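Predicted model, so just to flag it, every value in this text is computed and none were measured.
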Amino acid sequence: MKKDRRLQDSDLYEKCFALKEKGSTYRFFAIFLSVVLALFIFRFYWTNNYGGVLVDGASMCNTLQHGDKLLMRYCDGEDAERGDVIVVYVENIPEIKAENEKKEEGKKTKYLIKRLIAVEGDAVKCTKGQVEIRYAGTEEWVKLYEPYAYYENAEIYSFGVYEVGKGEIFFLGDNRNKSKDSRYNQTQGSHLDRLYKVTDIIGVVPEWAIEHREFIGKYLIHEELS
């Protein structure tokens, strides 16, 4: 005991204790800076890869509802796959510009959120609510299984063959009887005389963002596309 007490009273003990305290301080600041750096990197990644989307209208019911807030993963369109929920920028399209000139500022159409159905080289048609696709490079028509599609009246929902050309896309709203989409020259069509381009796609809404949209809208989105 006396030996231990003498060691504690010695300069060597005080130096060892000081070094230990200094080491603890260094470790604390190293961990703190690592956490701050990790948060900064995550925020940089998040803000550069994801954006908020506000659903306006009923064209994607029952998958999405008016007022839903979602996360969109930015992409250049080439990453979008058939079946994805996509966000399309339409403000620069002449027909949309003409329509927007007649609308108030807060009601102008800038984006569409739809379901990507077909891509370059595909052909698509629909008879009484049954969408069929002829995939690029094939000759057979395949009936699409679409559990997401909603019809108020499938019997009156039909359209002829659309050939999806180079760099083009074909999309539909999940609420089929109430959607302006890739169909043209029809009552509920897009009012364009051509298909949209893959370059019009600015993002894809992941499935997990749809499933957890209530949590995402409440806690993760503070600003969204409008």
Side-chain angles (χ1 to χ4, degrees), residues 51-61 63-68 70 72 74-127 129 131-134 136 144 146 148-153 156-205 224-226:
V53 179
L54 177 65
V55 178
D56 182 15
S59 69
M60 285 296 289
C61 291
T63 304
L64 303 173
Q65 305 296 324
H66 174 72
D68 280 348
L70 307 166
M72 170 192 69
Y74 292 114
C75 71
D76 60 4
E78 298 294 339
D79 295 334
E81 299 178 351
R82 301 178 189 89
D84 283 344
V85 174
I86 59 174
V87 179
V88 183
Y89 180 67
V90 299
E91 192 174 24
N92 288 334
I93 293 175
E95 290 88 343
I96 302 298
K97 276 186 175 181
E99 290 181 6
N100 282 340
E101 289 176 357
K102 305 172 185 177
K103 297 179 180 178
E104 299 177 10
E105 185 58 37
K107 297 182 179 180
K108 296 180 184 294
T109 302
K110 298 180 181 180
Y111 306 94
L112 298 177
I113 181 167
K114 304 292 179 180
R115 179 85 59 176
L116 182 59
I117 301 296
V119 297
E120 178 180 321
D122 294 341
V124 61
K125 64 181 180 179
C126 181
T127 304
V131 176
E132 296 181 63
I133 184 169
R134 188 181 67 218
L144 288 188
E146 299 185 289
Y148 46 77
Y150 172 75
Y151 296 92
E152 287 186 358
N153 187 347
I156 64 172
Y157 187 87
S158 300
F159 56 80
V161 177
Y162 285 85
E163 301 277 355
V164 185
K166 184 177 177 59
E168 294 181 335
I169 55 174
F170 186 93
F171 54 78
L172 298 171
D174 286 358
N175 188 358
R176 295 292 161 81
N177 293 106
K178 292 186 177 180
S179 173
K180 290 184 178 180
D181 40 51
S182 286
R183 296 166 298 136
Y184 50 77
N185 298 329
Q186 299 183 43
T187 304
Q188 291 295 323
S190 67
H191 308 301
L192 305 186
D193 58 1
R194 61 192 179 281
L195 296 180
Y196 288 84
K197 299 290 187 179
V198 68
T199 51
D200 295 327
I201 300 175
I202 63 168
V204 171
V205 180
E224 63 275 332
L225 300 173
S226 59

When rounded to the nearest 0.5 angstrom, what is the spacing between [atom1] in [X] and [atom2] in [Y]?
X      : Y      : atom1 : atom2 : value
Lys180 : Ile96  : NZ    : CD1   : 7.5 Å
Ile201 : Asp76  : CD1   : CG    : 9.0 Å
Leu195 : Glu120 : CG    : CD    : 12.0 Å
Tyr184 : Leu192 : OH    : CG    : 10.0 Å
Thr127 : Phe159 : OG1   : CZ    : 8.5 Å

Query raised in the report: Parallel, tilted or perpendicular: which fits the ring planes of Phe170 and Tyr162, with parallel below 30° and perpendicular above 60°?
Result: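 Plane angle between 30° and 60°, so tilted.
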Query - Pair Glu163 + Arg134: basic N to acidic O under 4.0 Å - result: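 Looking at Glu163 and Arg134, the cut-off is met.
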Requested in this report: Would you please test Ile117 and Leu144 for side-chain contact (heavy atoms from CB on, under 4.5 Å) and show each step?
Outcome: CA-CA 9 Å; Ile117 301 296; Leu144 288 188; 3.8 Å; yes
For [X] and [Y], which heavy atoms make the closest approach, and how far apart are they?
X      : Y      : value
Ile86  : Ile169 : CD1-CD1, 4.3 Å
Ser179 : Leu172 : OG-C, 4.4 Å
Asn175 : Ala58  : ND2-O, 2.9 Å
Val198 : Gly77  : CG2-O, 3.4 Å
Asp181 : Phe171 : CB-O, 3.3 Å
Thr109 : Asn100 : N-OD1, 2.7 Å

Requested in this report: State which residues pass side-chain contact (heavy atoms from CB on, under 4.5 Å) with Ala149; sequence neighbours excluded, sorted by chain then number.
Outcome: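 If we apply the side-chain contact (heavy atoms from CB on, under 4.5 Å) test to Ala149, skipping adjacent residues, the hits are Glu146, Tyr151, Arg176.
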Query - Set of residues satisfying side-chain contact (heavy atoms from CB on, under 4.5 Å) with respect to Asp68, sequence neighbours excluded - result: Val55, Leu64, Gln65, Arg213
Report task. Mind checking salt bridge (charged side-chain N to carboxylate O under 4.0 Å, His left out) for Asp200 and listing every partner two or more places apart, or none if nothing turns up? Result ->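 For Asp200 there are no salt bridge (charged side-chain N to carboxylate O under 4.0 Å, His left out) partners, ignoring immediate neighbours.
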Query raised in the report: Do Ile113 and Leu70 have side-chain heavy atoms sitting under 4.5 Å apart?
Result: yes
Query - Contacts of Tyr89 that satisfy ring pair (Phe, Tyr, Trp, His ring centres under 6.0 Å) - sequence neighbours left out - result: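 For Tyr89 the ring pair (Phe, Tyr, Trp, His ring centres under 6.0 Å) partners, ignoring immediate neighbours, are Tyr111.
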Query raised in the report: If you look only at pairs with a residue in residues 82-98, which of them pass as a salt bridge (charged side-chain N to carboxylate O under 4.0 Å, His left out), with sequence neighbours excluded?
Result: Arg82-Asp122, Glu95-Arg194
Report task. Would you please name every residue forming a side chain to side chain donor-acceptor pair (under 3.5 Å) with Ser59, sequence neighbours left out? Result -> Lys114
Query - Audit row: Val87, Val205, side-chain contact (heavy atoms from CB on, under 4.5 Å) steps and yes/no - result: CA-CA 8 Å; Val87 179; Val205 180; 4.1 Å; yes
Requested in this report: Mark yes or no for whether Asn177, through its side chain, and Glu152, through its backbone, hold a donor-acceptor pair below 3.5 Å.
Outcome: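 Yes; at least one donor-acceptor contact below 3.5 Å.
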Query raised in the report: With a cut-off of 6.0 Å (strictly less than), are more than 12 heavy atoms of other residues, nucleotides or ligands near NZ of Lys103?
Result: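 For Lys103, atom NZ is crowded (more than 12 foreign heavy atoms under 6.0 Å).
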